[in-house]
Amino acid sequence: MAKALKNARDMAAFKRIMPYCRPFLKLLGVDEKKMDDALDKVDDLVRQIEEMSQIPDRFNDLFASRGWIIYDLLNLEVAKAAIAKADSGDIDGAETDLVNYYSAGTVRWKLQAMKEIHAFRPRIPLAQKALVDYEEERYHACVPVVLALLDGLVNELYEKRRGFFAEGVDLTAWDSISAHSRGLQVLTTLFQTSRKTTRIDRIDIPYRNGIMHGMDLGYDNKMVAAKTWAALFATHDWALKAEKGLIEALPEEPEKTSNEIIQQQLQNKVSIEKLEQWRPRDIVELPKTGDPDQFLDGTPEKRLAEYLMLWKAKNYGYMARCLSVKLGPPVKESPRSIRKIFESKTLKSSEFTSIHDRAAGMSIILTYLVFEEYGQEVTKSFEFLLINENFKGEPEIRGTPNSEWKIINWDLY
């Protein structure tokens, strides 16, 4: 937001000096009408970005003490409407609207988004059972399960092995809407509130200690349940950063030299030429065995065939080398993550059904897998998504030197 606001304000400043620049723009052959059309909208753009940049803090100022914070998966229009209603004097009505926002359908969609977090995936079956209880209004059963999932997720990813409700836990992260001192930190403090007296009156805050230790008996309501789900989803951005080691700000890259800029321009020209030459493939007639030797080097199908061959051999270390750098698990943890998923699965056979190129560096390969898991034979049709990337995990056009195909959805989710 800060970067977008700076760019918009720079454009607004240029708009003010535009009359003095017109003679030079004509000499440069600039289309003044297009320039004027763009600059006519800049003041409104600045206003919109300024308004948007104030929403997170404004929302938290109003609702954090009540157990709500803004986060990356929260619908921005819902947040804006709640702020407007609270500012009109009806904060209780705004809170009711927030509760109603967390319908079973909304929770189901957000649980799908939580699958991006590798540490949450083993917790999905329990979360789905809690969702059934939530949909059936069995809040007494739903709330303790979601609180436990929230605590366990943070405990697994926090470097000092502390859960969401542990004293002294620090859930701040650089460049995050939810993970700062006015976001998740407020929720942890609020939910950790000591509750040592038995209470039978209705509560509106999911006090973890009071609920889990049987002291707060009036937690069986939708507001407490909705806030518990909201707190779980609010950890989404923090958890992704924690898994990839991005809690702290990255060091700023040094300014490029003139030689580096020229090299980048040449590389961009080559990339454009490759992009113009690229044509998508839709292949349905393929070798049935999926043996790597039957595919061309440098193709996504050969990389996937190698990955499946390594799975059959239970070579988890080399399987890890087939995964996307940025979209896979953290590099140091990749072999352990793969072992955790695949040591219970023995691949018996694999068949490639079709290949569809979706972009110059992205392909989808449909497979038919047969594997044994805990003594039971499992058959599964599965679409693997592969991207071509460089050693930094940045996407590259197919055939770019020092790039190779990597697998995104490596764990059969």
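Residue numbers count from 1 along this sequence.
Note on Glu137 versus Lys222: no salt bridge recorded, every NZ/NE/NH1/NH2 to OD/OE distance being 4.0 Å or above. Salt-bridge formation is not detected for the pair Arg138/Asp220: no Lys NZ or Arg NE/NH1/NH2 atom is positioned less than 4.0 Å from an Asp or Glu carboxylate oxygen. Under the 4.0 Å criterion applied to side-chain N and carboxylate O atoms, Lys345 and Glu373 are assigned as salt-bridge partners.
Among residues two or more places apart in sequence or in another chain, the side-chain contact (heavy atoms from CB on, under 4.5 Å) test is passed with Thr299 by Phe295, Leu296, Glu301, Lys302, Arg398. Looking at residues two or more places apart in sequence or on another chain, you find no ring pair (Phe, Tyr, Trp, His ring centres under 6.0 Å) involving Trp405. Evaluation of the side chain to side chain donor-acceptor pair (under 3.5 Å) rule for Arg339 yields no partner, not counting sequence neighbours. Looking at residues two or more places apart in sequence or on another chain, you find a ring pair (Phe, Tyr, Trp, His ring centres under 6.0 Å) between Phe233 and Trp229. Tyr316 meets the ring pair (Phe, Tyr, Trp, His ring centres under 6.0 Å) test with no other residue; sequence neighbours excluded. Partners of Phe191 under the ring pair (Phe, Tyr, Trp, His ring centres under 6.0 Å) rule, at least two apart in sequence or in another chain, do not exist in this structure.
Geometrically, Arg321 engages Tyr318 in a cation-pi contact, judged by NZ or CZ lying under 6.0 Å from the ring centre and within 45° of the ring axis.
Aromatic rings of Trp311 and Phe371 (six-membered ring for Trp) have centroids within the 6.0 Å cut-off, being under it.
Using a 30° and 60° split on the angle between ring planes, Phe342 and Trp410 fall in the tilted class, from 30° to 60°.
Closest of all the heavy-atom pairs between Phe352 and Thr367 is CD1-CG2, 4.1 Å.
Annotation: the span from Ile365 atom CD1 to Ser354 atom OG amounts to 9.0 Å, rounded to 0.5 Å.
Side-chain N or O atoms of Asp151 include none that pairs as donor or acceptor with a backbone N or O of Leu147 at under 3.5 Å. Judged by distance alone, the side chain of Asn388 and the main-chain N or O of Ile397 form a donor-acceptor pair under 3.5 Å.
Ser103 and Thr106 share a donor-acceptor pair across their side chains, judged by distance under 3.5 Å alone.
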